[in-house]
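Beneath this line is the structure, given in structure tokens, with notes to follow.
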Amino acid sequence: FITLLLAFVMLLPAPAAWAEIPSAESGIELTKAEQEKITLLYKIGIIDNAEVTDDSVTRGEFATWLARLSGLDSNLLQATTNFEDVSASNKYAGAVTVVSAIGCMKGISEKEFGVNKNISRLDATVALLRLLGYETVAKKDGGYPDGYAKYAATLGLNKGIAANEENDRIAILLMCYNSLTTVFVDSDGEVRKDNLLIKKIHNVYETKGVVTANRFTKLDSEKGALKP
């Protein structure tokens, strides 16, 4: 699994912070891998709470995640949408402004964004493909809905999601995680292996190494004995 150093390490207030994983109090059972991925989304600020429920994801909530994935801080933007259901004071107004401006999400009509309506897995998939720059390819592959679903599978956006997963929130959160580690198309139309949101936008890098010491102990013998 990804070893997180540098910028990500700086986000950790203390080792105990890793205990902030989806709580059993929610009644939702997650695998260790699911917990780690959702915790990462929380740690880098994509989601506000690492506890997973069985509540559906609203379009406004997903717009917030999408804006954060893109690296655009919706809090710094003046909210100016043409949607009648998204006033300037709406908590999702900034995010809706961002995702509309960059073309990742559209309204359910010309005048309504559907900010409080639930988003489907398929529509979340479409938005993520747009964010990554693959809409043109998905359209050529058959368009909505099959072309998008097919190309998302090719990219691995549904990787790690159980075929029988009934919880849309878990599935969409895992797709958001997968989008971080999926190569995106850059502004020149090029696909480069280093084009990853997790690196380019969120400054989180994968590395391999041997940890020889921490603040409690260290390895300083050939046999690997722990020395305080």
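Numbers here are sequence positions counted from 1.
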Just wondering, do [Y] and [X] contact through their side chains at under 4.5 Å, heavy atoms?
X: I44; Y: L40; answer: yes
X: R59; Y: N118; answer: no
X: R68; Y: V98; answer: no
X: T58; Y: V115; answer: no
X: S100; Y: T81; answer: no
X: F184; Y: L197; answer: yes

Atom [atom1] of [X] and atom [atom2] of [Y]: how far apart are they, to the nearest 0.5 Å?
X: D54; Y: I170; atom1: CG; atom2: CD1; result: 9.0 Å
X: L69; Y: L132; atom1: CG; atom2: CG; result: 8.5 Å
X: L129; Y: L131; atom1: CG; atom2: CG; result: 9.5 Å
X: E84; Y: F113; atom1: CD; atom2: CZ; result: 15.0 Å
X: N158; Y: N178; atom1: CG; atom2: CG; result: 7.5 Å
X: C104; Y: L66; atom1: SG; atom2: CG; result: 4.5 Å

Taking every non-hydrogen atom, the tightest pair across [X] and [Y]:
X: D85; Y: G114; result: OD2-N, 2.8 Å
X: L128; Y: C176; result: CD1-N, 4.2 Å
X: A93; Y: S87; result: CB-O, 3.3 Å
X: T125; Y: A152; result: CG2-CB, 3.4 Å

Query raised in the report: Side chain of N195, backbone of V183: donor and acceptor closer than 3.5 Å?
Result: no

Suppose we screen for salt bridge (Lys or Arg N to Asp or Glu O under 4.0 Å). Which residues come up paired with [X], at least two apart in sequence or across chains?
X: D168; answer: R121
X: D146; answer: none
X: K199; answer: D194

Report task. Show your working on side-chain contact (heavy atoms from CB on, under 4.5 Å) between E190 and V185 and close with a plain yes or no. Result -> CA-CA 6 Å; E190 298 293 329; V185 181; over 6 Å; no

Query raised in the report: Which pairs, with at least one residue in residues 147-160 and sequence neighbours excluded, count as a salt bridge (charged side-chain N to carboxylate O under 4.0 Å, His left out)?
Result: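 As it turns out, the salt bridge (charged side-chain N to carboxylate O under 4.0 Å, His left out) pairs with a partner in residues 147-160, which skip direct neighbours, are D141-K150.
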
Report summary line: Sorted by chain and number, sequence neighbours left out, ring pair (Phe, Tyr, Trp, His ring centres under 6.0 Å) with Y92 holds for none

Requested in this report: Can you run down the side-chain hydrogen bond (donor to acceptor under 3.5 Å, both in side chains) pairs that involve residues 105-117, sequence neighbours left out, and say none if there aren't any?
Outcome: none

Query - Listed once per pair and sorted, the side-chain hydrogen bond (donor to acceptor under 3.5 Å, both in side chains) pairs that draw on residues 131-140, sequence neighbours left out - result: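 Found R130-E135, E135-Y148.
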
**Report entry** Criterion side chain to side chain contact (heavy atoms under 4.5 Å, CB included) against N167, the qualifying member of L173, I28, L30
**Finding:** I28

Applying side chain to side chain contact (heavy atoms under 4.5 Å, CB included), name anything that partners [X], two or more places apart in sequence or on another chain.
X: A124; result: F62, I119, I172, M175
X: D55; result: T53, R169
X: A162; result: N164, E165
X: T31; result: A33, E34

Query raised in the report: Linking I/L/V/M/F/W/Y whenever any side-chain heavy atoms sit under 4.5 Å apart, do V57 and I108 land together?
Result: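 As far as the 4.5 Å side-chain criterion goes, I108 and V57 are not connected within one cluster.
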
Requested in this report: Find out if a path of hydrophobic residues (ILVMFWY) with successive side-chain heavy-atom gaps under 4.5 Å connects V137 to Y144.
Outcome: yes

**Report entry** side-chain contact (heavy atoms from CB on, under 4.5 Å) between L72 and I102, intermediate numbers included
**Finding:** CA-CA 10 Å; L72 296 176; I102 62 179; 3.9 Å; yes

Query raised in the report: More than 12 heavy atoms of other residues, nucleotides or ligands under 6.0 Å from CG of N82: is that the case?
Result: no

Requested in this report: Return the set of residues passing side-chain hydrogen bond (donor to acceptor under 3.5 Å, both in side chains) with S187 (not counting sequence neighbours), or none when no residue passes.
Outcome: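 side-chain hydrogen bond (donor to acceptor under 3.5 Å, both in side chains) check on S187 returns nothing, list empty.
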
Report task. Apply side-chain contact (heavy atoms from CB on, under 4.5 Å) to N49 and Y42, showing your working. Result -> CA-CA 6 Å; N49 194 325; Y42 169 65; 5.6 Å; no

Query raised in the report: Do K37 and L41 pass the side-chain contact (heavy atoms from CB on, under 4.5 Å) test, and can you show the C-alpha distance, the side-chain angles, and the key distance before you say yes or no?
Result: CA-CA 7 Å; K37 292 172 181 179; L41 292 174; over 6 Å; no

